[in-house]
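Quick caveat, the model's predicted, so the values are computed rather than measured.
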Amino acid sequence: MMKRTGMLAAMLLMVLTTSAQVDFKTMLQTAPHVVAVEPLENAVYREKYVVRITQNVNGRDESDGTFTQRLVVGLKGLDKPTVMVTEGYFAYYALSPGYEEELSRLLDANVVVCEYRYFGESAPQGLSPQETVEKGLDYWQWMTVDASLADLHRVRQSLGTVFPGKWIATGISKGGQTTMFYRATYPDDVDVTVSYVAPLNKAVEDGRHEKFLAKQVGTAEERARVMAAEQELMRRKTVLMPRFDKFCSERNYRFNAPTEDIYDFCVMELPFALWQWGTPVSVIPSADAADEAWFQFLTDISEPNYLMCPSEFTPFHVQAQRELGYYGYSRKGLKQWQSIKTAEGYLPKLFLPGQLQGIKFDKTLYKRTCKYLKENDPKHIFIYGEIDPWTASGVAGWLDCSRKQNMRVYVQPRGSHRARISNMPDDMKADIMSRLTGWLK
């Protein structure tokens, strides 16, 4: 009898579990604008799906057509908060069975990862990078921040019918920028915002990064060692160029400039890349090291594929030229060996096809966001790394939170672009978690 009762109980549990799964999937399928729901294997969430939602190409209405945006949705519980990841690029990483976003883990929250328009499977017309760069300005006119924010707003409205609890918007780097812009444009969409290592640039070549790398990052001894490494790579340029040409040719890299110029830019990129990811200066070869060691060091830290055009990041470069801005390069101490005559205006020359190089930078987004952050006090946390060059154009240097009740900026000591809540010093982590849990009650 006990065995029979146990079997009945197990069957009942199976029926209830299956019913709950069907109910949640059905809720997603019937949410506004959702056109497909595909189950995913996962080891973290109760259920996980790829959800495809229809978006307007121009962000406002269907007059310029529509496209399908890819979302990855993970369920922890309908009674729990929901983390919206405002991705700045692709969302394919979230397909992994073991994927769990940091705030989803720390807060035991649902997750909605939003792939950015024009990336991955969320590109209008589903075009490849090569096909997209061959399109003229008409195709690229809607690769704008405001259109991307309209995408997020529709996602929030649609899946708000599924997840009724509090919502947190979060993103890393370009995704962290997106959280800032989203909060400033749709301030009531989410309850809490967490921006990780998010720059807010004021020009295509902002100007603050070069000064940061020259005078502020690390110690004076470390900065001198990095500069010496750049100079050593330039002194060896003639010897290393055959290796460099072969390296790029074997990988079929395509550039908008001769490889001797690309070499110069790789060397100038090296300090930014090294500090951004927190690479210790101890990896720099000794001055008497073999050419192969120096070449390996250069390509490990500053891989030339970063400078390819077209590339999968061409949509980002369009935005950087149009309204996101970027960083510049210093030629100090390197000019005598360089084949380039100037580094100014490098972004459109290197990263954009000819028909897009005339895009003009518009400072409106920068001014609008700064104004909102200065004049308002949303529940918004900013996290930066002390040695990350992107911190130079972040809000840490100018956003005064001393009179604000909610907004806070945290800078991880010796932290890089990998700064996260989980690797913050204990006192900072405790303060951040206290605020987040308090805001979500």
Side-chain angles (χ1 to χ4, degrees), residues 209-309 311-313 326-344 346-347 349-351 385-390 392 414-418:
H209 308 94
E210 301 93 306
K211 296 175 183 177
F212 178 83
L213 290 169
K215 299 181 179 180
Q216 293 175 252
V217 70
T219 65
E221 291 77 15
E222 288 174 321
R223 294 193 297 273
R225 190 168 179 185
V226 174
M227 170 54 76
E230 286 186 271
Q231 292 175 327
E232 185 64 26
L233 284 164
M234 292 308 304
R235 276 192 289 267
R236 297 185 186 221
K237 180 178 179 180
T238 301
V239 175
L240 295 181
M241 273 307 301
R243 280 189 176 91
F244 192 79
D245 283 331
K246 182 181 178 183
F247 183 91
C248 296
S249 177
E250 288 178 344
R251 289 158 179 78
N252 197 30
Y253 292 167
R254 304 167 304 279
F255 304 114
N256 276 355
T259 51
E260 61 176 351
D261 292 359
I262 297 299
Y263 184 97
D264 291 352
F265 281 104
C266 283
V267 173
M268 291 188 293
E269 171 68 17
L270 188 143
F272 197 107
L274 183 141
W275 288 110
Q276 177 178 359
W277 299 112
T279 306
V281 297
S282 59
V283 305
I284 298 174
S286 61
D288 60 355
D291 291 334
E292 183 56 38
W294 278 97
F295 182 79
Q296 189 67 50
F297 166 66
L298 174 63
T299 53
D300 282 349
I301 304 298
S302 185
E303 229 278 10
N305 66 353
Y306 162 69
L307 295 163
M308 281 175 50
C309 180
S311 79
E312 60 184 358
F313 291 102
Y326 213 45
Y327 53 88
Y329 288 121
S330 171
R331 299 178 65 213
K332 185 177 180 180
L334 307 175
K335 294 179 183 180
Q336 68 185 89
W337 300 286
Q338 291 183 331
S339 57
I340 62 169
K341 302 305 179 186
T342 180
E344 293 181 8
Y346 78 92
L347 190 147
K349 292 177 185 176
L350 296 184
F351 291 115
E386 183 184 23
I387 64 172
D388 180 10
W390 286 118
R414 289 289 296 194
S416 68
H417 212 55
R418 305 180 197 274

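Lys332 meets the side-chain contact (heavy atoms from CB on, under 4.5 Å) test with Ser330; sequence neighbours excluded. Qualifying side-chain contact (heavy atoms from CB on, under 4.5 Å) partners for Arg331, counting only residues two or more places apart in sequence or in other chains: Met268, Lys335, Gln338, Ile340, Ala343. Remark: Asp261 engages Ser339 in a side chain to side chain donor-acceptor pair (under 3.5 Å) (not counting sequence neighbours). The ring pair (Phe, Tyr, Trp, His ring centres under 6.0 Å) test applied to Phe295 returns Phe247, not counting sequence neighbours. Residues passing the salt bridge (Lys or Arg N to Asp or Glu O under 4.0 Å) test with Glu221: none are found, sequence neighbours excluded.
Atoms OG1 and CD1, on Thr279 and Ile301 in that order, are 4.5 Å from each other to the nearest 0.5 Å. Distance OH/Tyr253 to SG/Cys309: 15.0 Å, rounded to 0.5 Å. Distance check: Arg414 CZ to Asp388 CG gives 12.5 Å after rounding to the nearest 0.5 Å. How far OG of Ser302 is from CG of Leu307: 7.0 Å, rounded to the nearest 0.5 Å. Distance CE/Met308 to CG/Leu350: 13.0 Å, rounded to 0.5 Å. How far CG of Leu274 is from CG of Asp300: 11.0 Å, rounded to the nearest 0.5 Å.
Between the side chains of Thr259 and Asp245, at least one donor N or O lies within less than 3.5 Å of an accepting N or O.
Looking at His209 and Trp275, their side chains never come closer than 4.5 Å, going by heavy atoms from C-beta outward. Pro389 is not listed as a side-chain neighbour of Val217, based on a closest heavy-atom distance of 4.5 Å or more. Between Pro280 and Val283 there is a side-chain heavy-atom pair separated by less than 4.5 Å. In this structure, Arg254 and Asn252 have side chains that are in contact, with non-hydrogen atoms separated by less than 4.5 Å. For the pair Ser311/Tyr306, no side-chain contact is recorded, criterion being any heavy-atom separation below 4.5 Å from C-beta on. A 4.5 Å side-chain heavy-atom check between Ile284 and Arg225 finds at least one atom pair inside the cut-off.
Annotation for Glu292: atom CD counts as buried by contact number, over 12 foreign heavy atoms lying within 6.0 Å.
Here salt bridge (charged side-chain N to carboxylate O under 4.0 Å, His left out) pairs that include residues 262-278, with residues two or more places apart or in two chains, are Lys237-Asp264.
Phe351 and Tyr326 have perpendicular rings, their planes meeting at more than 60° on a 0 to 90° scale where under 30° would count as parallel. The aromatic rings of Trp390 and His417 lie tilted to each other, with the angle between the two planes from 30° to 60°.
Of all heavy-atom pairs spanning Asp291 and Leu240, the tightest one is O-CD2, 3.6 Å. The shortest heavy-atom contact between Tyr263 and Met234 is CE2-SD, 4.1 Å.
Between the side chain of Glu222 and the main chain of Thr219, a donor-acceptor pair closer than 3.5 Å is present. A donor-acceptor pair under 3.5 Å is formed between the side chain of Trp294 and the backbone N or O of Ser286.
Look at Arg236 and Glu230 and you find no salt bridge, because none of the NZ, NE, NH1 or NH2 atoms lies under 4.0 Å from a carboxylate O. Under 4.0 Å is where a charged nitrogen must lie from a carboxylate oxygen, and between Glu232 and Arg235 at least one such pair does.
Under the ring-ring contact (aromatic ring centres under 6.0 Å, His included) rule, Phe272 has a single partner from Tyr329, Tyr327, Phe265, which is Tyr327.
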